[in-house]
Peer 1: 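So that we are looking at the same thing, I have put the structure below in structure tokens.
Sequence positions, counted from 1, serve as the residue numbers for this chain. Just so it is clear, the model here is predicted, and its values are computed rather than measured.
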Amino acid sequence: MTIVQAVMVIAAIFATAFAQVLLKKASYYDIRTASWLLLMGISACSYAASFVLYSRILKYFQLNKIYPAMTVGQLILVTIYGLWIGEVIDTRHALGLMLGVISIYLVLS
């Protein structure tokens, strides 16, 4: 994997996780208010950027390997954000994340 490919993967993971975080923030506002529209618009742009990056990433990686790796990366980032805003994870959730990381190691090795 080249540096450019690694940066594309990381950027796509962050773009998708960022879009999820913005959707969470938008959920606190009434639909069609200025704040809701702004957050939804930025989230959509972030998803679009992720979508474009992902289409380029698939040129270099096998779908059955990169998709699970990126999904687990996104789950980890969203969980970290959830913890930061006070959401709680239980033992099963933590175990699931750990198993996800182990599965990615096995898939990519």
Peer 1: Quick one: pull up CD1 in I13 and OG1 in T71 and give me the separation to the nearest 0.5 Å.
Peer 2: 8.5 Å

Peer 1: As an exercise, state the distance from CG of D30 to CH2 of W36, rounded to the nearest 0.5 Å.
Peer 2: 10.5 Å

Peer 1: Does S46 use its side chain to pair, donor to acceptor, with the backbone of I42 at less than 3.5 Å?
Peer 2: no

Peer 1: Is the backbone N or O of M40 less than 3.5 Å from a side-chain atom of S43, with the two atoms forming a donor-acceptor pair by type?
Peer 2: no

Peer 1: Sub-3.5 Å donor-acceptor pair from the side chain of D90 to the main-chain atoms of H93, do we have one?
Peer 2: yes

Peer 1: A side-chain contact here means heavy atoms from C-beta on lying under 4.5 Å apart; do Q74 and F14 qualify?
Peer 2: no

Peer 1: Rounded to the nearest 0.5 Å, how far does OH of Y28 lie from OG1 of T33?
Peer 2: 14.5 Å

Peer 1: What residues form a salt bridge (Lys or Arg N to Asp or Glu O under 4.0 Å) with K24, not counting sequence neighbours?
Peer 2: E87

Peer 1: I need the full list of side chain to side chain donor-acceptor pair (under 3.5 Å) pairs touching residues 52-63, with sequence neighbours left out, sorted by first then second residue.
Peer 2: none

Peer 1: To which residues is I102 joined in a hydrophobic cluster, defined by side-chain heavy-atom contacts under 4.5 Å among Ile, Leu, Val, Met, Phe, Trp and Tyr, whether direct or through other members?
Peer 2: L95, M98, L99, Y105, L106

Peer 1: Which residue in the set L77, L83, I85, V78 passes side chain to side chain contact (heavy atoms under 4.5 Å, CB included) when paired with Y81?
Peer 2: I85

Peer 1: With a 4.5 Å heavy-atom cut-off, do I80 and W84 have their side chains touching?
Peer 2: no

Peer 1: Determine, stepwise, if the pair L108 / K65 fulfils side chain to side chain contact (heavy atoms under 4.5 Å, CB included).
Peer 2: CA-CA 6 Å; L108 295 179; K65 290 188 176 193; 3.9 Å; yes

Peer 1: Can you hop from I31 to Y29 via hydrophobic side chains spaced under 4.5 Å?
Peer 2: yes

Peer 1: Please round to the nearest 0.5 Å and tell me the distance separating atom CG of L63 and atom CG of L58.
Peer 2: 6.0 Å

Peer 1: To the nearest 0.5 Å, what is the distance between CD1 (I66) and CD1 (I57)?
Peer 2: 6.0 Å

